[in-house]
Amino acid sequence: MSFGQPLPVLMYHHISPQPGLVTCSPENFREQMTWLAKNGWKTLSTATFAAALESGVLPKKSVLITFDDGYLDNWVHAHPVLEEFGLRATIFLISGWIGDGARRPHAGQAGVPELPTHKQAMAAAADGQFDNAFLRWSEVEAMRAAGTVDFHSHTHSHTRWDRTIADQGERDAALADDLKLSRQTLASRLGESSPHLCWPQGYFDAAYQRVAKAAGFTHLYTTEPGVVRADVDLARLPRLVVKDKPAAWFAQRMGIYGRPLLSALYLGLKSGGKEY
């Protein structure tokens, strides 16, 4: 059990008034971000996070905020709060699900779009109808220009190739093509290739890791619970689910996650369960 300085990597999906799976309300998200800002926590860019890991010295009271998939509500409700408090986050985009078109209004502006629930968003994606649920490149560019969000890969198609293709060689080739297309799309749209990859549904195995490393990814993010420490395996970066709860809950958890001994003991005790 490691007692080195911990750095929490927080995992969100939706910030939306539509309740549902993996969704945090705008009110609770604002409370959580307000707490970070008022209590002197620094929200890292992915580049700063990677540099800290390379140096072996993790800064105290620092956190990496991540969002998976690239939902429209990240622009509508998360971005304005991040901008207001001068905070930063990372969104792992499913690059093939991001469309073109003008920026839509976000919270604080007139005409905010109606947002789907998580179930509705997944149903729309299954039908190839991405625009009402997911970001547009214009919104990605606006968040990037504002300095509120970094963007990295969540693959191009969000396909679980282990469930789709039985043959290992064919599966590896399909994953390699998917990751290549993701990197190419992000490079074309954002001007740089991403070395950071988050696995769809948190699934990976040794073959997935090997293919990702060959594709140029150096930092692989999981859904395994835990805090990052200096000796972390970059191919197996843990993250912590943030629940739809107010600042009091969030403050308690961050107070645990930010302390070397307490985080190790707490997460060690909880490792057999689902409650974090």
Side-chain angles (χ1 to χ4, degrees), residues 1-13 15 22-25 28-68 78 81-82 85-92 150 152 196-199 201-204 209 218-276:
M1 187 179 293
S2 172
F3 297 149
Q5 175 61 43
L7 198 162
V9 180
L10 305 182
M11 178 172 60
Y12 293 90
H13 285 73
I15 306 299
V22 296
T23 300
C24 183
S25 71
N28 282 336
F29 182 71
R30 169 176 282 279
E31 282 198 24
Q32 293 167 5
M33 296 302 102
T34 301
W35 185 89
L36 287 176
K38 287 186 175 180
N39 286 276
W41 280 74
K42 182 178 180 181
T43 54
L44 303 181
S45 68
T46 38
T48 303
F49 173 69
L53 290 176
E54 185 175 5
S55 74
V57 180
L58 301 188
K60 295 180 180 180
K61 297 186 77 171
S62 293
V63 60
L64 182 68
I65 298 172
T66 68
F67 292 82
D68 288 8
V81 173
L82 295 170
F85 291 106
L87 304 178
R88 195 177 192 111
T90 292
I91 295 178
F92 294 108
D150 301 326
H152 295 284
H196 300 266
L197 170 68
C198 176
W199 294 117
Q201 300 177 24
Y203 178 82
F204 67 95
Q209 291 176 320
T218 56
H219 294 67
L220 307 179
Y221 297 76
T222 73
T223 57
E224 295 176 330
V227 292
V228 168
R229 302 181 197 270
D231 61 353
V232 72
D233 181 356
L234 298 183
R236 200 165 182 164
L237 292 165
R239 294 186 294 164
L240 295 157
V241 174
V242 183
K243 296 190 175 184
D244 185 20
K245 292 182 177 291
W249 175 90
F250 187 75
Q252 182 187 56
R253 290 303 192 275
M254 294 303 292
I256 293 171
Y257 299 149
R259 291 181 169 86
L261 178 59
L262 192 57
S263 61
L265 293 175
Y266 178 79
L267 291 168
L269 287 172
K270 294 292 186 179
S271 61
K274 297 181 179 180
E275 176 70 30
Y276 285 92

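Residue numbers run from 1 in the order of the sequence given.
With no hydrogens or angles considered, a side-chain donor-acceptor pair links Arg253 and Tyr266 at under 3.5 Å.
Atom OH of Tyr12 sits about 11.0 Å away from atom CG of Leu240, to the nearest 0.5 Å. The CD atom of Gln32 sits 12.0 Å away from atom CG of Leu87, with the distance rounded to the nearest 0.5 Å. Taking CD of Gln209 as the reference point, atom CH2 of Trp199 lies at 7.0 Å (rounded to 0.5 Å). Taking CH2 of Trp249 as the start and CG of Asn28 as the end, the distance is 10.0 Å to the nearest 0.5 Å. Rounding to the nearest 0.5 Å places OG1 of Thr66 at 7.0 Å from CE of Met11. With rounding to the nearest 0.5 Å, the separation of NE2 in His219 from CG in Leu197 is 12.0 Å.
Between Met33 and Ile65, the closest heavy-atom pair is SD-CD1, 3.7 Å. Across all their heavy atoms, Thr222 and Pro238 have their closest contact at OG1-CA, 3.7 Å. Taking each heavy atom of Thr223 and Gln201 in turn, the nearest pair found is OG1-O, 4.4 Å. Contact record, Val227 with Ser263: CG2-OG, 4.1 Å, taken as the closest heavy-atom pair. The nearest pair of heavy atoms linking Pro8 to Met254 is CG-CE, 4.0 Å.
The side-chain heavy atoms of Pro59 and Leu7, taken from C-beta on, include a pair separated by under 4.5 Å. The shortest side-chain heavy-atom distance between Thr218 and Leu234 does not fall under the 4.5 Å cut-off. Contact annotation: the side chain of Tyr257 approaches that of Leu267 to within less than 4.5 Å [non-hydrogen atoms, C-beta and beyond]. Using a 4.5 Å heavy-atom cutoff, the side chains of Val9 and Leu237 are not in contact.
Screening residues 30-50 for salt bridge (Lys or Arg N to Asp or Glu O under 4.0 Å) gives Arg30-Glu84 as the qualifying pairs, with residues at least two apart or on separate chains. For the side-chain hydrogen bond (donor to acceptor under 3.5 Å, both in side chains) condition, the pairs that include at least one residue of residues 45-58, sequence neighbours left out, are Ser45-Thr48, Thr46-Asp150, Thr46-His152.
Using bins of under 30°, 30° to 60° and over 60° for the plane-to-plane angle, the ring pair Phe92/Tyr221 lands in the tilted bin.
In this structure Glu224 satisfies the salt bridge (charged side-chain N to carboxylate O under 4.0 Å, His left out) test together with Arg236, sequence neighbours excluded.
Tested against Phe29, the residues Asp244, Val242, Thr34, Leu82 include a single side-chain contact (heavy atoms from CB on, under 4.5 Å) partner, Leu82.
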Would you check, one step at a time, whether the test side-chain contact (heavy atoms from CB on, under 4.5 Å) holds for Phe49 with Val228?
-> CA-CA 10 Å; Phe49 173 69; Val228 168; 4.2 Å; yes
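Within a 6.0 Å sphere centred on NZ of Lys61, heavy atoms belonging to other residues, nucleotides or ligands number more than 12.
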